[in-house]
Amino acid sequence: MTAPSDPHSGARPVSLALDPGFLRLLAGSHARLVGSPLLPEDAGDDADRAQWLYEAAPFCVLAHNTDADPRFVYANRAAQARFEYGWDEFTTLPSRLSAEAPDRAERQRLLDAVTRDGFIADYRGVRIAKSGHRFRIENAVVWQLIDEAGTLHGQAAAFGEWREVV
């Protein structure tokens, strides 16, 4: 993976939104760890698949890096709409801020379990949008972003179910 596509490098990536290399990391690690495809294999080449995942997927996909205080490096349009952040805001946001302070310990337990087990396939938890609206994600898959060489690049999550919390 080239430096601009590397979410682990010190420099801020140009954009992973449509990056075929990042798509291969997301989809490849999901397939290896979870044992199922993240997106349809017949969606074209990697550039077409990256575009579909970012622009048209009917489910949310987010990823954060391995910093001590991990920050989001990817959020598809569905995730941007759900969390109410644009790309530039999302990719500077520490991922811990996707949960309210009382829910952060639960979120950390999830991330620790993913680190230990490689993935969790039935996660549910409360998250908060930029406006303060709270929602519970259901049946989320959270997995390690590990490339074919075994290098850890962060963690990712995908979910298509949620309900508002009042």
Side-chain angles (χ1 to χ4, degrees), residues 7-8 12-13 15-19 22-23 25-27 29-40 43 49-146 152-166:
H8 195 60
R12 185 165 181 246
S15 177
L16 298 180
L18 302 173
D19 185 325
F22 191 71
L23 175 273
L25 175 62
L26 273 172
S29 59
H30 186 279
R32 284 187 303 279
L33 293 168
V34 180
S36 63
L38 177 62
L39 63 158
R49 295 171 68 223
Q51 183 173 5
W52 180 87
L53 185 64
Y54 180 72
E55 295 178 355
F59 54 90
C60 299
V61 178
L62 306 113
H64 69 215
N65 63 14
T66 60
D67 290 352
D69 186 10
R71 71 172 171 77
F72 287 111
V73 294
Y74 181 88
N76 69 354
R77 293 261 170 99
Q80 291 173 44
R82 176 78 296 219
F83 284 89
E84 304 170 355
Y85 289 102
W87 177 265
D88 290 337
E89 289 177 295
F90 232 131
T91 57
T92 60
L93 186 70
S95 63
R96 66 182 157 75
L97 297 180
S98 66
E100 290 182 297
D103 297 317
R104 289 184 190 151
E106 174 270 328
R107 178 187 164 276
Q108 190 58 53
R109 282 190 295 278
L110 157 76
L111 298 178
D112 292 344
V114 171
T115 298
R116 181 187 66 240
D117 300 334
F119 76 99
I120 299 285
D122 59 354
Y123 175 71
R124 57 183 283 191
V126 176
R127 294 295 176 265
I128 187 166
K130 181 180 177 181
S131 67
H133 290 106
R134 296 167 61 229
F135 57 97
R136 177 178 299 280
I137 59 176
E138 306 280 348
N139 297 313
V141 176
V142 184
W143 70 98
Q144 296 280 75
L145 287 176
I146 299 175
L152 177 66
H153 295 271
Q155 294 178 331
F159 64 93
E161 299 176 41
W162 61 83
R163 61 183 171 86
E164 299 302 318
V165 174
V166 288

Visitor: Once rounded to the nearest 0.5 Å, what's the spacing between atom OH of Y54 and atom CG of L18?
Guide: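 The OH atom of Y54 sits 7.0 Å away from the CG atom of L18.
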
Visitor: Does a side-chain heavy-atom distance below 4.5 Å link T115 with Q155?
Guide: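 Yes, close enough: below the 4.5 Å cut-off.
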
Visitor: Tell me the closest heavy-atom pair linking S95 and S98, and the distance in Å.
Guide: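 Here S95 and S98 meet closest at O-OG, 2.8 Å.
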
Visitor: Are E164 and R82 ion-paired here, with the side-chain N under 4.0 Å from a carboxylate O?
Guide: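 Yes, E164 and R82 are salt-bridged.
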
Visitor: Decide yes or no on side-chain contact (heavy atoms from CB on, under 4.5 Å) for L26 and W143, but give the supporting numbers first.
Guide: CA-CA 9 Å; L26 273 172; W143 70 98; 4.0 Å; yes

Visitor: Look at the side chain of E161 and the backbone N and O of N139, then say whether any donor-acceptor pair between them is shorter than 3.5 Å.
Guide: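 No; zero donor-acceptor contacts below 3.5 Å.
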
Visitor: Where do F119 and L33 come nearest, in terms of heavy atoms and distance?
Guide: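 Heavy-atom minimum between the residues: CE2-O, 3.0 Å.
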
Visitor: What's the spacing between D122 CG and E138 CD if we round to 0.5 Å?
Guide: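 Separation between the atoms: 10.5 Å.
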
Visitor: Of the non-hydrogen atoms in A50 and D19, which two are nearest, and what is the gap between them?
Guide: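 For A50 and D19, the tightest heavy-atom pair comes out as CB-O, 4.1 Å.
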
Visitor: Quick one: does V114's side chain get under 4.5 Å of Y123's, heavy atoms only?
Guide: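 Answer no - side chains too far apart.
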
Visitor: So, does R49 use its side chain to make a donor-acceptor pair with the main chain of A27 at under 3.5 Å?
Guide: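 Absent.
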
Visitor: Output yes when a side-chain donor or acceptor of N65 lies under 3.5 Å from a complementary backbone atom of G154, and no otherwise.
Guide: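 No, N65 side chain to G154 backbone: no donor-acceptor pair under 3.5 Å.
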
Visitor: Ignoring hydrogens and angles, tell me if any N or O in the side chain of H30 forms a donor-acceptor pair with the backbone of S36 under 3.5 Å.
Guide: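 Indeed, once roles are kept as given, a pair shorter than 3.5 Å links the two residues.
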
Visitor: Describe, in one word, how the ring planes of F72 and H64 are oriented to each other, choosing from parallel (under 30°), tilted (30 to 60°) and perpendicular (over 60°).
Guide: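 Correct class here is tilted.
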
Visitor: Nearest 0.5 angstrom please: Y85 OH to S131 OG, how far?
Guide: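 The OH atom of Y85 sits 9.0 Å away from the OG atom of S131.
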
Visitor: Output, in order, the C-alpha distance, side-chain angles, deciding distance and verdict of side-chain contact (heavy atoms from CB on, under 4.5 Å) for F83 and L62.
Guide: CA-CA 11 Å; F83 284 89; L62 306 113; 4.0 Å; yes

Visitor: Using the ring of each side chain (for Trp, its six-membered ring), is Y74 parallel, tilted or perpendicular to W87, with breaks at 30° and 60°?
Guide: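 Perpendicular: the ring planes of Y74 and W87 meet at over 60°.
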
Visitor: Of all heavy-atom pairs between A140 and F159, which one has the smallest distance, and what is that distance?
Guide: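 Nearest heavy atoms, A140 then F159: CB-CB, 3.7 Å.
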
Visitor: When rounded to the nearest 0.5 angstrom, what is the spacing between CG in L23 and CG in L38?
Guide: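 Going from the CG atom of L23 to the CG atom of L38 covers 8.0 Å.
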
Visitor: To the closest 0.5 Å, what do you measure between OG1 (T92) and CZ (R71)?
Guide: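 Output value for this atom pair is 8.0 Å.
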
Visitor: Minimum heavy-atom separation for G160 and F59, please, with both atom names.
Guide: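 For G160 and F59, the tightest heavy-atom pair comes out as CA-CB, 3.9 Å.
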
Visitor: Kindly say whether A75 contributes a backbone atom to a donor-acceptor pair with the side chain of Q80 at under 3.5 angstrom?
Guide: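 Yes, Q80 side chain to A75 backbone: donor-acceptor pair under 3.5 Å.
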
Visitor: Can you tell me how far the CG atom of L97 sits from the CD1 atom of I128, to the nearest 0.5 Å?
Guide: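 These two atoms lie 9.5 Å from each other.
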
Visitor: Is the side chain of R77 donor-acceptor paired with the backbone N or O of A56 at a distance under 3.5 Å, no angle test?
Guide: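 Judged by distance alone, no pair lies under 3.5 Å.
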
Visitor: Which heavy atom in L16 sits nearest to a heavy atom in V73, and how many Å separate them?
Guide: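 Scanning both residues, the minimum pair turns out to be CD1-O, 3.7 Å.
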
